[in-house]
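Below you'll find the structure, written out as structure tokens, and then a few comments.
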Amino acid sequence: WENIMKTLEKYNADIVCVNDDINTTSANGKMISRIMMSVSQNEIERTSERTKIGLVGAIKKGHIPGKTPIGYKRENKKLVVDHSTKDIPIRIFDLYHSGYSYHKIANIFNEEKVLGKHWRDSTIVSILQNEIYKGDYIHHKMTDNPVLYEDIVEALVSKEIWEECQLQKKNNSRNYS
């Protein structure tokens, strides 16, 4: 708003909005418009704060935003174990932990026509990297300020197995570089 006000002054122009009582032709009008913009900005920031607090509360109750991962389903907006598919990610972790590559796991799943879909290495990698399978959730994962919520949902694999798979992945990538 201040940039608009400076531009108006620079070009000797004014804004008069009859419906909103904004009038930059006088000092009082300019002051009122600045107060209105400040109040508006404050309301935006308060709404943002309330939304963030609400989202944190929802996450802590198991209301995980985003796509539902394989092995889970939504019940009353909460992420819960899907007993019809939970064995798929468990098997992926077991196979990888046993030394199978992403490619080999994807080939096995494609040969078996698991879920009737085509499995790719990238799908296997994304499952192995997803913290949800150890019961945790990272909010704002792709930002500079990710937030870890531990034990938010029922885990399908132990934290130890999940961590060992991450270490194994790191070691495998070193061996290929």
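These values consider heavy atoms only, across backbone and side chains, with no hydrogens, waters or symmetry-generated copies. The model shown is predicted, which means the values in this text are computed figures rather than measured ones. The first residue in the sequence is number 1, and the count goes up from there.
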Please round to the nearest 0.5 Å and tell me the distance separating atom CD of Gln129 and atom CD1 of Ile138.
10.5 Å

Drop me the distance from Asp82's CG to Asp87's CG, to the nearest 0.5 angstrom.
10.0 Å

Option passing side chain to side chain contact (heavy atoms under 4.5 Å, CB included) with Glu154 (candidates Val80, Val81, Leu79)
Val81

Apply side-chain contact (heavy atoms from CB on, under 4.5 Å) to Trp119 and Val114, showing your working.
CA-CA 8 Å; Trp119 290 82; Val114 174; 3.7 Å; yes

Any chance you could measure Ile15, atom CD1, to Lys30, atom NZ, to the nearest 0.5 Å?
11.0 Å

May I ask you to check whether Gln168 and Glu164 show a side-chain donor-acceptor distance below 3.5 Å?
no

Value rounded to 0.5 Å, distance of CD1 in Ile32 from OG1 in Thr24
13.0 Å

Per the salt bridge (charged side-chain N to carboxylate O under 4.0 Å, His left out) rule, what does the pair list look like for residues 115-126, sequence neighbours excluded?
none

Within one Ile-Leu-Val-Met-Phe-Trp-Tyr cluster: Trp1 and Met31, side-chain cutoff 4.5 Å:
yes

Give a yes or no answer on whether the side chain of Gln166 reaches the backbone of Leu128 with a donor-acceptor pair at less than 3.5 Å.
yes

Heavy-atom side-chain contact between His118 and Thr123 under 4.5 Å:
no

Can you hop from Leu167 to Ile124 via hydrophobic side chains spaced under 4.5 Å?
no

Nearest non-hydrogen partners of Ala155 and Gly135, listed with the distance
CB-N, 3.7 Å

Do Lys134 and Glu160 have side chains that approach each other closer than 4.5 Å (heavy atoms only, starting at C-beta)?
no

Test your reading of the model: is there a side-chain donor-acceptor pair from Thr7 to the backbone of Asn3, 3.5 Å cut-off?
yes

Would you say CG of Asn76 has more than 12 non-hydrogen atoms from neighbouring residues, nucleotides or ligands within 6.0 angstrom?
no

Do NZ/NE/NH1/NH2 and the carboxylate oxygens of Arg34 and Glu2 come within less than 4.0 Å?
yes

For a side-chain contact (heavy atoms from CB on, under 4.5 Å) check, start with the C-alpha distance between Leu115 and Thr85, then their side-chain angles and the critical distance, and finish with the verdict.
CA-CA 9 Å; Leu115 293 181; Thr85 60; 4.1 Å; yes

Return each pair, listed once, that meets side chain to side chain donor-acceptor pair (under 3.5 Å) where at least one residue sits in residues 59-71; pairs must be two or more places apart or across chains.
Thr68-Arg74

Flag the pair Pro65 / Tyr137 as yes when at least one side-chain heavy-atom distance between them is below 4.5 Å, and no otherwise.
yes

What do you reckon, is OH of Tyr149 surrounded by more than 12 foreign heavy atoms closer than 6.0 Å?
yes

Do Asn28 and Ser26 get their side chains close enough for a donor-acceptor pair, meaning under 3.5 Å?
no

Charged N to carboxylate O under 4.0 angstrom, Glu43 versus Arg50?
yes

Could you check if a side-chain atom of Met5 sits within less than 4.5 angstrom of a side-chain atom of Met37, using non-hydrogen atoms only?
no

Quick check on the hydrophobic clustering: are Ile59 and Leu148 connected, directly or via other members, by side-chain heavy-atom contacts under 4.5 Å?
no

Taking the side chain as everything from C-beta on, heavy atoms only, tell me whether Leu95 gets closer than 4.5 Å to Tyr102.
no

Please check this pair: side chain of Asp136 against backbone of Asp151, looking for a donor-acceptor N/O pair closer than 3.5 Å.
yes

Distance, nearest 0.5 Å, that separates CD1 of Ile132 from CD1 of Ile64:
4.5 Å

Pairwise side-chain contact, Ser48 with Thr51, heavy-atom cut-off 4.5 Å (strictly under)
no

Is a salt bridge present between Lys141 and Glu131, judged by a nitrogen-to-oxygen distance below 4.0 Å?
yes

Rounded to the nearest 0.5 Å, what's the gap from OG on Ser98 to NZ on Lys104? Could you check?
13.0 Å

Taking all non-hydrogen atoms of both residues into account, name the closest pair between Gly71 and Pro89 and its distance.
CA-CG, 4.1 Å

In short, side chain to side chain donor-acceptor pair (under 3.5 Å) pairs touching residues 106-115 with sequence neighbours left out are Arg91-Glu112, His103-Asn107

Looking only at non-hydrogen atoms, find the nearest pair between Asn130 and Pro69 and report the distance.
ND2-CB, 4.1 Å

Ring geometry between Tyr72 and Tyr133 (parallel below 30°, tilted from 30 to 60°, perpendicular above 60°):
tilted

Are Val39 and Met36 grouped together when hydrophobic residues (ILVMFWY) are joined by side-chain heavy atoms under 4.5 angstrom apart?
yes

Do Thr25 and Val16 have side chains that approach each other closer than 4.5 Å (heavy atoms only, starting at C-beta)?
yes

When you measure from the side chain of Trp162 to the backbone N and O of Val157, does any donor-acceptor pair fall under 3.5 Å?
no

For Ile105, the option from Ile92, Ile127, Asp94 that meets side chain to side chain contact (heavy atoms under 4.5 Å, CB included):
Ile92

Would you say NZ of Lys78 has more than 12 non-hydrogen atoms from neighbouring residues, nucleotides or ligands within 6.0 angstrom?
no

Do His97 and Ile161 come close enough that some side-chain heavy atom pair is under 4.5 Å?
yes

